[in-house]
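First the structure, in the form of structure tokens, and then the observations on it.
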2 protein chains.
Amino acid sequence: MKRKITLKQIARELDVSISTVSKALRNSPEISEDTKQKVQAFAKLYNYRPNNIALSLKNRKTNTIGIIIPEIVHHFFSKVIRGVELVANKRGYNVIIGLSNESFSKEVINMEMLANGSIDGFILSISKETLQQQDYHHFIETMSQGMPIVMFDRVVSDIKCDKVIVDDFKGAKNAVEKLIKNNCKSVALITTKDYVSVGKLRTQGYLEALQDHKITPQAELILKIDDTMDYEVHLDKLEAEIEQLFKSNQSIDGIFAVNELYALSAMKVASKLGLRIPDDIQVIGFTDGVLSKHSTPSLTTVSQHAQHMGERAADLLIDKLEKEFETEEEEFQTVVIATELVERESTK
Amino acid sequence: MKRKITLKQIARELDVSISTVSKALRNSPEISEDTKQKVQAFAKLYNYRPNNIALSLKNRKTNTIGIIIPEIVHHFFSKVIRGVELVANKRGYNVIIGLSNESFSKEVINMEMLANGSIDGFILSISKETLQQQDYHHFIETMSQGMPIVMFDRVVSDIKCDKVIVDDFKGAKNAVEKLIKNNCKSVALITTKDYVSVGKLRTQGYLEALQDHKITPQAELILKIDDTMDYEVHLDKLEAEIEQLFKSNQSIDGIFAVNELYALSAMKVASKLGLRIPDDIQVIGFTDGVLSKHSTPSLTTVSQHAQHMGERAADLLIDKLEKEFETEEEEFQTVVIATELVERESTK
DNA sequence: TTTTAACACGAAAACGTTTGCGTAAGACTG
DNA sequence: CAGTCTTACGCAAACGTTTTCGTGTTAAAA
């Protein structure tokens, strides 16, 4: 099996020293035109490319950034990755991914695997299990060893680092206000349990929108789904819960769901119960997945601009990596990405 | 900014040599129990981990595999990645991704970026542009430098390497036969232009199914979409074309589409034209995306088992990487993943 | 003719590991 | 007491780069 050609081999072949070859290839004025030409021609012929690993070792810089996400088969996360990849490549970086699979231990293992020299910094979104256990030592440790972290979407305020988040609160509030303006009198909320920060914020947005319009929130209109169970599999259970919500509250004429699947399930259940969308009931979801766009009726959603989040996160990280003089007082930014209400057929 | 601790620092601190530290940590019998304890305790205290880059350089092995795919915001590809990641991590490898964005030049650049020592081997799916230009020199070159490649899904027979493909032909044939058995008399095909290998094979499957049932294929029932245009954006154009197909061929009572979006669009158009699914018209798609499962009516599809493809591809690659004695005669495998018809509401 | 400067190149160190080999000190054998 | 064997460690090379510094040769200046 042939190996890639190295400086040493070129040097031996051309009967010069390794340093001469290196300098010739980098067009150093130290080297005569003759030699340069000879070396460059030979290098081109054999398609020489400097070994990245050797460079990384020498420069103590890998030009690679690590992404840790809970799940890749997920429109939101893959869009974020695309954003990261876009600016990373543009700025000369590679992207290496690790999946935590929503598991604490896999998150830790994956981070350790990458932190030992493979990458220069992390971009990550915290797994559900980690959020539940509230054990963040691996983040702290990583950062204390000089490796910067940028968190996105699922973040915790305990950790001091750069963050890119969606304005979940305002996005939710806008959505609910939209429903209220559209004449909904009884808006229900389908959300997650509170430990998921984004679910919590969206719930708060819902509540404040109601209060701003002098509507008293009713506990029975709020359905909190236990999302530790894989709802892709237990779709029927999810739908059953939603059906229950509808049946116990016949007055419902508006639904705000904190994600796409909940919204879609709500629409499905509503149709099944003979409710017309958006005439009898209006629905708004949260996300910019594919389902919303292609469902019938198509779903009005709060778009998170996932790709843009990825881009901002990458810029934040690379900026930090390339800042020559590290200010003694580390300063961390939190970038808030504005949401956008994409109106489709599920609202009037 | 603190850096990670190295052998050298431990050695200096404990006043022993670097080699002693290294051996002590690896539990070499050369080192006395006393020293081992001292070193190991110190290393643990400072959370020492060997630097991966240095190891990669020394071992000439990175334990990282590179994935190049045309697009990550795509259910199929992200499922493949998940499969790759799963077995890669299990077998001690990292995964680094590059997106070609369906562009030839980005594919080349990305491969070159990774091939220079960053990874041990590639898993990739060819970009559309590359397939069109039929320029495969970068694959050949990469392999000639001793870096193995495993291709999946979109492959070309010209290149000798390991491959993992879906049985597009049989999958399509089965689907069309299903429609015929379900009493469809006039089955239309919505496919891509022929340069995409998978589109071509699926078209052939369609044709053979018809012929096996003594049905003469009709050119006007075959709609070839120019998929170089971004159909997410030009959805209306796609639907217009499909509508034209329906209107010129009122007899159509079955549709086989080579991907999810075409199938969904067909259903949407059919509904618009007042056709009931599956009573008046039955539809089958090809893929295992999310849309099929959650559309109304849900779509019967040919599942490709994307995750399984990723797993097989990773195993194939790692097997090759770890085979000690390279047989002189390189042997390449082509693994064919069986498809599965997932029946949902769009067929009887 | 001697001194100096320019030129063109090579040696070596460094990045962080691992490992084969050499060796000093002490223990043991005869 | 001389010779041999263990024990426990250090040295150095290697992986592939880049870069600083040193040096020999030649041409120009004094």
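Note that the structure is a prediction, hence the values are computed from the model and not measured. The sequence lines fix the lettering, A, B, ..., with proteins before strands; numbering per chain opens at 1.
Listed nucleotides: dC9(D), dA12(C), dC15(D). Nearest to the side chain of Lys58(B): dC15(D). Among dT19(D), dG16(C), dC9(D), the nucleotide with an atom closest to any side-chain atom of Thr6(B) is dG16(C). Nearest to the side-chain atoms of Lys23(A) among the listed nucleotides dC15(C), dT17(C), dG10(C) stands dG10(C). Closest contact between the side chain of Ala54(A) and the listed nucleotides dG10(C), dG16(D), dC15(D) involves dG16(D). The listed nucleotides are dG10(C), dT17(D), dC11(D); the one nearest the side chain of Leu7(A) is dT17(D). For Arg60(A), taking side-chain heavy atoms from C-beta onward, the closest of the listed nucleotides dC15(C), dC9(D), dT17(D) is dC15(C).
Distance CD (Glu30(A)) to P (dA8(C)): 10 Å, rounded to an integer number of Å. Atom NZ in Lys61(A) sits about 16 Å away from atom P in dG16(C), given to the nearest Å. Atom CZ in Arg26(A) sits about 18 Å away from atom C1' in dC9(C), given to the nearest Å. When the C1' atom of dA14(C) is taken as reference, atom CD1 of Ile18(B) falls 12 Å away, rounded to whole Å. Rounded to whole Å, atom C1' of dT7(D) lies 10 Å from atom CD1 of Ile31(B). When rounded to the nearest whole Å, the span between CG of Asp34(B) and P of dT7(D) equals 15 Å. In this entry the distance linking CG of Asn63(B) with P of dT17(C) reads 16 Å, nearest Å. Distance, Lys4(A) NZ to dT17(D) P: 9 Å, rounded to whole Å.
Taking a cutoff of 4.0 Å between a charged side-chain nitrogen and a carboxylate oxygen, Glu33(A) and Lys36(A) qualify as a salt bridge. Checked for salt-bridge contact, Glu85(B) and Lys106(A) meet the test: a charged N lies under 4.0 Å from a carboxylate O.
Side-chain nitrogen and oxygen atoms of Ser32(A) include none within less than 4.0 Å of the OP1 or OP2 phosphate oxygen of dC7(C). Of the side-chain N and O atoms in Thr35(B), one or more sit less than 4.0 angstrom from OP1 or OP2 of dC9(D). The phosphate of dT18(C) (OP1 or OP2) has a side-chain N or O of Ser22(B) nearer than 4.0 angstrom.
Interface remark: the Ser19(B) side chain does form a donor-acceptor pair with the dC11(D) base, using a distance-only criterion of under 3.5 Å. Residue Thr20(A) places no side-chain atom within donor-acceptor reach of the base of dA8(C), judged by atom type and a 3.5 Å distance cut-off alone.
When the nearest nucleotides of DNA chain D are assigned to Ile5(A) and Lys36(B) by heavy-atom distance, the more 5′-ward of the two goes with Lys36(B).
Using modelled atom types, one finds no donor on one side chain facing an acceptor on the other under 3.5 Å when comparing Ser125(B) with Asp153(B).
Taking a 6.0 Å sphere around OH of Tyr46(A), one finds it holds 12 or fewer heavy atoms contributed by other residues, nucleotides or ligands.
Residue Leu114(B) holds its CG atom at 11.5 Å from CD1 of Ile65(B), rounded to the nearest 0.5 Å.
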